[in-house]
Amino acid sequence: MRDPGTSPQYRSVVPEGDGLMVPARVDSWVAARIAAHPDAIAVEDRGLRISYAELGRTAAQVAALLETAGRPPGGLVGIRMRRSWKMYAALLGIWMHGSGYVPVDPTYPQERQDYIIEDAGLALLVEDGPPGDDFALSEPARRGAEPTGLPDDTAYVLYTSGSTGHPKGVVLRHSSVVALLQALIAEYAFDEREVWAQFTSQCFDISVAETWTPLVTGARLIVVPEETAADPGVFAGLLADGAASVLSQVPTVFRYLLNSLETTGRRLPSIRHVLLCGEPVEPATVIRWYDVEVAPRAAVHNLYGPTEATVYATCQELTRQALTTLDEGTPIGRAMRHVETLILKEDAPAPTGEAGEILLGGASLAWGYLGMPGHTAERFVTRPDGRWYRTGDYAREADGGLRYLGREDGQIKLRGLRIELGEIEARLNALDEVLDAAVALTRFEGGDPFLAACYVPAEGASGPVAWAKIRSRLADALPSYMIPMRFIEVDKLPQTLNGKLDRRRLELTIAAELTS
């Protein structure tokens with residue numbers, strides 16, 4: 001990677017001179033913490049307090065189970081478990097065995113679980129054990145060919161929504177995760193005194209920062225059970241009772257939490273850092289957070305980054321002043337110290353202040369997409385100045401940082417979950433009841449965003465009964481967050497002059513229907 005020099009298009013690169021001597025693998029970094037502070041509390045889970053030593057011993061059991069089952073290190077192992085302290089031990093144990101993990105959410109439709117298992121070529125899954133056993137190993141009934149050519153330090157494969165109708169696996173290496181964690185620790189001075197609330201499913205990349213930052217620094221991780229994450233009032237109680245100091249949230253969910261805090265009068269005096277990520281910030285919510293002083297010590301930060309660049313790439317503290325100029329784009333700030341950024345316009349660096357596509361480079365780039373060399377080559381490009389990931393996100397440089405302007409394709413974020421509208425549309429258009437369909441993100445005035453679908457019905461597939469059947473058919477293949485809340489029947493989808501879907505007119509059609 002060339003020296004970024006003084007060009008305003010580039011930001012900082014890998015850390016230098018910060019004194020952080022860390023192992024090359026995340027599990028080795030955690031092992032060093034276990035050895036140094038075995039009796040410290042690593043995880044709190046529903047009243048249980050698990051020490052670093054116990055976490056390490058339990059992880060070693062998982063590694064031994066895989067070895068006993070004849071699983072050679074170096075490949076991929078699935079993990080399909082409910083959220084508990086044992087899940088973190090299982091993730092660590094898969095790494096200690098020398099394999100990478102592939103999370104499979106047990107709440108996903110069976111078809112989606114099967115697809116991930118088969119596409120990743122998983123021969124074994126670590127699961128919750130029966131009464132009396134911590135873990136169980138299962139062999140899937142259907143499995144694809146095991147992938148070859150993966151890097152030796154593969155850490156995990158996360159499946160993101162794909163425009164072809166199926167999710168795609170992103171392969172991340174330990175070296176990329178270590179670079180992220182090192183940068184986070186340096187940026188925010190995280191250490192063993194922190195208490196992290198681990199809120200996000202392991203199937204989404206934010207969980208990587210939430211899980212491993214505390215465990216490599218010797219801090220404490222609080223498990224947020226799925227049922228607690230769904231109830232802002234209960235979640236607020238968990239944060240207060242656990243004296244959480246770091247809170248990572250999607251802006252929409254952050255608003256729900258603030259609403260509950262205001263209603264109950266509860267305060268969170270221990271919170272020092274609020275990390276917002278996954279969707280555009282809501283300035284009114286952040287300002288209200290400051291005004292009501294629910295956490296007087298807390299600084300609120302906006303972080304941006306795709307799965308393909310290992311969770312976070314840029315950061316911006318959301319001061320009141322930063323929130324007053326959102327008409328210029330959402331402030332996503334400067335690149336973190338392990339990342340380079342380039343704003344590209346017509347294949348050349350964009351002049352300062354002009355909009356262009358965000359390209360990310362540096363130590364955190366993913367290896368690529370599992371089993372998709374063509375798509376990898378399309379998105380991960382080599383230029384004279386190095387290897388870059390084309391994000392598809394647009395921004396411009398202003399006030400020493402970046403302002404996010406949106407996308408020009410069908411990828412959206414909903415409550416922090418990355419969705420390719422094309423994946424939902426492909427599923428809809430494959431149904432016998434549908435001749436043509438398209439999906440958009442919309443909202444009622446003052447309300448939360450949600451998905452709505454316009455469709456042209458097949459003969460005899462009109463009306464509410466058909467809508468219910470279509471929704472049910474989608475639920476067999478897609479997770480709940482990808483099911484449209486509203487179905488709007490139309491005679492024809494709007495098109496541009498060249499016969500392509502006119503997404504702007506589609507959004508207007510949906511808005512008109514919702515207000516009629």
Ring pair (Phe, Tyr, Trp, His ring centres under 6.0 Å) partners of [X], counting only residues at least two apart:
| X | result |
| --- | --- |
| Phe254 | Trp289 |
| His174 | Trp95 |
| Phe199 | Phe235 |
| Tyr290 | none |

Pairing of [X] and [Y] as salt bridge, 4.0 angstrom limit:
| X | Y | value |
| --- | --- | --- |
| Arg220 | Glu44 | yes |
| Arg379 | Glu308 | no |
| Asp205 | Arg418 | no |
| Glu187 | Arg334 | yes |

List in chain and number order the residues that pass salt bridge (charged side-chain N to carboxylate O under 4.0 Å, His left out) with [X], two or more places apart in sequence or in another chain; answer none if no residue qualifies.
| X | result |
| --- | --- |
| Arg143 | Glu146 |
| Asp134 | Lys86 |
| Glu118 | Arg142 |

For [X], all residues meeting side-chain contact (heavy atoms from CB on, under 4.5 Å), sequence neighbours excluded:
| X | result |
| --- | --- |
| Pro130 | Asp133, Ala136 |
| Ser175 | Asp153, Arg173 |
| Glu54 | Ile50, Ser51, Arg57, Thr58, Trp85 |
| His37 | Arg33, Ala40 |

- Item | Where at least one partner belongs to residues 42-72, residue pairs that pass ring-ring contact (aromatic ring centres under 6.0 Å, His included), sequence neighbours excluded | none

If we ignore angles and hydrogens, is there a donor and acceptor under 3.5 Å between the side chains of [X] and [Y]?
| X | Y | value |
| --- | --- | --- |
| Tyr88 | Asp45 | no |
| Thr252 | Glu279 | yes |
| Asp448 | Tyr256 | yes |

- Message: Within the supplied structure, the quantity of interest is the number of heavy atoms (other residues, nucleotides, ligands) at a distance under 6.0 Å from Glu262 CD; does it exceed 12?
- Response: yes

- Task: Please name the residue in the list Thr200, Leu91, Val311, Leu181 that meets the side chain to side chain contact (heavy atoms under 4.5 Å, CB included) test with Val208.
- Result: Val311

